[in-house]
Each structure stands twice: as structure tokens, then as C-alpha cells.
Amino acid sequence: MAALDSASLLLGSSVRGLNSFLDTSTIIALSVFFALLCACIIIGHLLHGNRWANESILALLLGLCAGVVVLLVTKEENSRILSFSENLFFLYLLPPIIFNAGFQVKKKQFFKNFSTILLFGVFGTLISFCVISVGVFLLFEKLGITALNVKQHLAIGAILSATDSVCTLQVLSQDETPFLYSIVFGEGVVNDATSIVLFNAVQSLDVSDINGLTVLQLLGNFLYLFFTSTILGIVAGLLSAFIIKTLYFGRHSTDREVALMMLMAYLSYMLAELLDLSGILTVFFCGIVMSHYTWHNVTESSRITTKHAFATISFIAETFIFLYVGMDALDIEKWKASKASPATSIAVSATLFGLVLVGRAAFVFPIANISNLIKKRDSAKIEFRRQFIIWWAGLMRGAVTIALSYSEFSSSSGTSSTSSEDNLMITCTIIVVLFSTIVFGSITKPLIEAVLLRHYKPAVSDATDFPSIEDLRSLFIENGAESSSQQESNAPSRSSLRLLMTHPHITVHYLWRKFDDKFMRPVFGGRGFVPYVPGSPAEPGSPAQPAHENQENNI
């Protein structure tokens with residue numbers, strides 16, 4: 001009995017010790033969020049295929065409903081069961097989303113449109129930043145907002161220039177509209193990185209001493225961050241491929257392969273942030289390199305596991321972000337602290353969103369038309385319908401915008417120590433995010449169907465698709481067959497010559513594939529260069545990639 005009594009005392013003390021480490025409010029908050037995540041999955045499944053709804057909008061609406069319930073339960077005293085944290089967003093939620101996007105993206109489409117993506121993502125963001133900053137500086141005084149300084153006006157321009165690449169993943173289809181997906185999503189990734197670089201540059205800017213050299217320094221800083229972040233991601237991906245190919249982890253445990261891929265991807269993001277680089281660009285290019293090399297070096301079971309594991313983690317993080325934003329939008333303390341009337345809040349929010357519309361139009365249509373002038377082939381030009389969809393789909397603002405707004409206008413000690421106009425900027429940013437995501441996010445799919453897919457012609461390839469070497473060979477063979485039966489006519493030979501001149505045999509993609517097959521894949525592995533690993537479910541001599549995988553996804 002004495003032993004039982006002592007054991008019960010020890011057990012009771014350990015339970016009390018465990019409870020002392022666990023915060024009840026945190027447990028309640030996480031339980032609510034997990035229940036809402038389950039509800040999002042179930043309702044999303046029931047609404048699958050609905051062109052007006054997607055998981056982002058559904059999560060936002062569920063978050064808003066949960067916020068209303070919390071307000072009613074607490075009798076409008078508190079709605080904050082889990083406050084918004086920039087660290088939670090940037091360190092834990094954003095990396096798996098961007099990595100999976102790079103891991104799943106169709107690389108051939110992405111790199112064929114890379115120059116256009118850079119034009120939109122870099123120069124377009126700079127144009128939007130200037131338009132919004134100048135517009136805020138000129139219009140806010142007329143609305144009675146005079147407490148903001150020049151640095152905060154510039155910060156608003158950087159904050160509202162950040163598009164929502166997360167919502168883009170759900171409103172655009174990589175299979176139905178590959179060109180639009182690669183342009184809008186690729187621009188979103190580069191745009192987020194550019195906006196964060198601009199925001200950080202504004203924070204360290206000395207507004208009393210701005211000159212032409214300052215602009216050059218800002219441009220040089222961005223180019224440095226872009227290339228170093230990209231190189232770091234490529235190096236991390238190649239290092240993971242070389243380690244897994246050399247050490248054959250699959251001989252003993254496929255779990256080690258999966259764990260190493262996850263950890264090295266996350267490590268690349270953390271190293272980029274530690275070195276003050278762009279973690280978004282780093283982890284995105286790390287995902288691209290891992291899908292091209294590392295993924296083919298692991299066993300068949302690890303390929304299936306990693307593909308679905310990355311997609312699952314990304315899906316949960318996306319849904320969690322929008323739930324988070326939806327519930328935080330009803331934080332009653334921020335709305336009270338802003339001390340603004342509903343008319344003022346609506347006027348400021350409408351002004352900000354109007355500047356977002358103008359700022360995006362100021363670069364999408366001019367850059368697209370300049371690009372059309374450079375391109376010689378009509379099929380490679382961006383027609384006006386696509387320009388309109390690119391403009392429309394990039395109007396959504398998301399969690400990056402809110403995180404930067406909190407970083408600029410929210411005091412680390414809470415809302416009580418921030419000014420009323422700072423809180424007004426936070427609440428108006430939330431209104432812009434909610435309105436743009438719900439309205440534009442719900443209309444984008446039907447708009448694409450009405451504007452683009454209704455005019456879609458299956459016989460015409462994508463605007464940026466060029467015939468492969470095999471396609472050219474088959475066309476030449478067909479023309480050769482025709483010429484043998486029609487020797488009296490020289491038209492087929494002219495057709496072959498015209499085809500060769502229009503689509504030269506030596507392209508950048510062709511040169512890259514030759515270099516990749518001769519130097520890169522023998523060292524880092526990849527499709528067709530992976531030795532048989534004992535213990536792999538795949539039999540020796542079986543193809544390195546499953547037959548159902550789309551080979552076009554490789555560069």
C-alpha cells in the first residue's frame with residue numbers, strides 16, 4: 001500500500017507539473033483551430049468543383065464566423081484567442097507553402113516565361129510601390145490622416161505591393177491555364193521577395209538624405225539579395241541530391257531520405273533569413289532543384305511519401321493562414337484603438353484598394369505590350385484577354401501584406417501603445433485583404449472560364465510552348481514523305497526550311513538538357529541517372545520515374 005501511495009503521489013505531482021507547463025488558453029485556441037481545419041477539409045470536399053468557392057475563401061469565412069462566436073461568448077470583451085504573429089507566419093507557415101510550390105511547379109513552363117516573370121515581379125513591383133506611395137502621400141491629407149511620416153508612406157507602398165501567391169495556387173489551374181499559372185504565381189513569388197526587400201530597405205532608409213545614389217544602392221541591394229538567395233537555394237538542393245545519391249539512405253531506411261529532404265529544405269530557408277537574404281526565393285528554388293535531382297535519387301516509396309507529405313503540409317499551412325487572418329480580423333481591441341468612424345475606415349480602405357488597382361494596371365499592361373513588341377511570333381505574344389486576367393488575379397492581397405502591416409504599425413508591447421492612426425492602418429489593411437481575397441478570389445475562376453477557356457482552341461499550343469526536338473523531327477519526316485509523293489512540287493522543302501528557321505534546333509532549353517545530361521545528372525542524379533538501390537520497391541531496370549508522372553515537368 002505504501003508503494004501504491006508513493007506511486008500515486010509521484011503520478012499526481014507529474015500531472016500537476018505537466019499542467020503547469022501547458023497554458024489552458026493556448027490549448028483551447030489550438031483545439032478551435034484544429035476543429036476549424038477539419039471543418040474546412042470536410043466542407044471543401046463537399047464543395048469541390050464549385051467554381052465560385054475555394055479553400056482560401058472558405059477558411060476566411062469560417063475564421064470570421066469563429067471570431068463572431070468568440071465575440072458573443074465573451075460579450076464583446078475579447079475576440080483574440082490567438083494573436084497574429086509575424087514569426088509564426090514567416091518561420092513556420094510560409095516556408096512549406098513556397099517550397100511545395102517550387103517542388104510541384106512545371107519547370108519547363110516556369111523557365112520559358114522566366115524573363116516575363118522577372119519583369120512583372122521586379123520592375124512591376126517597383127512601379128506599383130511608387131504609385132501607391134505617391135498616391136498615399138497625396139490623398140491621405142484630404143482624408144484627414146496627417147500623423148504618418150514619409151517613411152510610413154513608403155512602407156505602405158511596399159506593404160500593398162505584395163500579392164497573395166498562396167491564394168493564386170487555388171484560383172489558377174496549372175493544367176488548364178499553364179501560361180497564366182506560371183506568370184501569375186512566379187510573379188507572386190518574386191513579388192513577395194521584392195516587397196519584403198523594399199520594406200526592409202524603407203526601414204533602414206534615412207529620409208533626410210535621399211538622392212540618386214540611394215536609388216542605385218536600393219537596386220544593387222535587391223540584385224544582390226535576388227542572386228545570392230537563388231544561388232543558396234540551388235546549392236542546398238544540389239547538396240541534398242549529392243548526399244542522398246552518394247550515401248544510399250534507402251538501403252536501411254526510407255524515413256531518413258524523407259527526413260533529410262524536409263530538413264535541408266527548411267534549413268535553406270533559415271540560413272537565408274540568418275544571412276538577411278530572401279528565404280522565399282531560397283526555398284522556392286531549393287524545391288525546384290530537389291524535384292529535378294533529389295526526388296529521383298530516393299526509393300519509390302520515398303517518392304510517393306515526399307510528394308504527398310509536402311502537399312499535405314502545404315495545404316494545412318495555407319488553410320491555417322486564412323483561418324488565422326479571418327479570426328484576427330475581428331480583434332475588437334484594434335478596432336476600438338483606431339478611434340475611426342465606419343465612414344473613415346471605408347474611405348481609407350477604398351483609397352488603398354483603388355491605389356492597388358491603379359498600381360497594378362500601371363505595370364501589367366505597359367510591360368505586357370513592351371514584351372509583345374520584342375517578341376516576333378504572334379503566338380508568343382500576350383493578348384489583351386490574358387493581360388486582363390494577369391492584372392485581375394494579382395489584385396488579391398494576403399498574409400504577407402498583413403504580416404508587414406503588423407511589423408510596421410503594431411508596437412511590440414501591444415496595441416495600447418500604438419497611435420490611433422497606426423491601428424487604423426492595420427484595420428484598413430485587413431479590410432483590403434478580406435475584400436480582395438473574397439471578391440476577386442471567388443470571381444477569378446468564372447472570369448477565366450468566360451474570358452479565356454470559352455475561346456480556348458485545343459489545336460493551338462500554349463503561347464510559350466515551342467516544339468520539342470522530337471516534334472520537329474516528326475514534322476520533317478512527314479514533310480519528307482509528302483515530298484517523295486509530290487516530287488514535282490518544292491513546297492514541302494520550303495515548309496521544312498521555314499520550320500527550321502522559325503524553331504531553330506539549338507535552343508537554350510536544348511543546350512541546358514545537353515549540359516544537364518553530360519555534367520549535372522551523372523554527379524547529382526536525376527531521372528535516368530539513378531542506380532538501383534537495394535530495398536527499393538522498384539525492380540531493377542524499372543523506370544526511375546513512375547509512368548503516371550508528367551515528363552514535361554522536368555527541365
Side-chain angles (χ1 to χ4, degrees), residues 19 22-47 50 52-86 88-89 93 167 316-350 397-399 401-403 405-406 409-411 413-418 420 422-439 441-442:
N19 290 332
L22 296 178
D23 185 5
T24 304
S25 61
T26 303
I27 296 175
I28 294 174
L30 292 177
S31 299
V32 170
F33 270 96
F34 289 153
L36 290 173
L37 283 171
C38 294
C40 281
I41 293 173
I42 295 171
I43 300 176
H45 171 72
L46 297 176
L47 295 178
N50 189 305
W52 296 97
N54 58 65
E55 284 83 358
S56 300
I57 299 173
L58 178 63
L60 268 179
L61 295 177
L62 281 178
L64 288 171
C65 293
V68 172
V69 172
V70 173
L71 278 176
L72 295 176
V73 170
T74 59
K75 298 180 180 180
E76 297 186 4
E77 293 181 359
N78 185 27
S79 65
R80 181 184 295 178
I81 64 172
L82 191 64
S83 60
F84 192 91
S85 169
E86 302 98 285
L88 173 64
F89 172 70
L93 297 178
C167 197
I316 293 174
E318 290 173 21
T319 310
F320 191 90
I321 284 175
F322 286 103
L323 282 172
Y324 205 35
V325 171
M327 293 193 71
D328 192 70
L330 292 177
D331 184 0
I332 197 67
E333 295 179 11
K334 289 195 295 288
W335 294 93
K336 290 180 179 179
S338 66
K339 298 179 182 179
S341 64
T344 302
S345 296
I346 293 174
V348 174
S349 302
R397 297 296 180 264
T401 300
I402 291 183
S405 180
Y406 269 89
F409 296 107
S410 179
S411 170
S413 57
T415 57
S416 60
S417 61
T418 58
S420 59
D422 286 345
N423 285 292
L424 178 63
M425 289 299 101
I426 294 176
T427 55
C428 290
T429 302
I430 292 174
I431 292 175
V432 170
V433 169
L434 292 178
F435 179 81
S436 64
T437 302
I438 293 175
V439 174
S442 61

Hey, what do you get for [atom1] ([X]) to [atom2] ([Y]), rounding to the nearest 0.5 Å?
X    : Y    : atom1 : atom2 : result
F89  : F320 : CZ    : CZ    : 12.0 Å
T319 : L36  : OG1   : CG    : 11.0 Å
I316 : L323 : CD1   : CG    : 11.5 Å
N423 : C428 : CG    : SG    : 10.5 Å
H45  : C40  : NE2   : SG    : 14.5 Å
L93  : Y324 : CG    : OH    : 8.0 Å

Mind checking what makes side chain to side chain contact (heavy atoms under 4.5 Å, CB included) contact with V69, not counting sequence neighbours?
V73
Holding to side chain to side chain contact (heavy atoms under 4.5 Å, CB included), I want the full list of residues that pass it with A347, two or more places apart in sequence or in another chain.
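With sequence neighbours excluded, A347 shows a side chain to side chain contact (heavy atoms under 4.5 Å, CB included) to L143, given in chain and number order.
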Can you give me the closest heavy-atom contact between [X] and [Y], atom names plus distance?
X    : Y    : answer
L424 : S345 : CD1-OG, 3.9 Å
L58  : G44  : CD2-N, 3.5 Å
I426 : F409 : CG1-CB, 3.8 Å
S349 : V432 : O-CG2, 3.8 Å

Would you call [X] and [Y] a side-chain contact if the rule is heavy atoms closer than 4.5 Å?
X    : Y    : result
L64  : L434 : yes
L60  : I438 : yes
I402 : R397 : no

Between the main-chain N or O of M425 and the side-chain N or O of T429, is there a donor-acceptor pair closer than 3.5 Å?
yes
All side-chain hydrogen bond (donor to acceptor under 3.5 Å, both in side chains) counterparts of T344, not counting sequence neighbours
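For T344 the side-chain hydrogen bond (donor to acceptor under 3.5 Å, both in side chains) partners, ignoring immediate neighbours, are S341.
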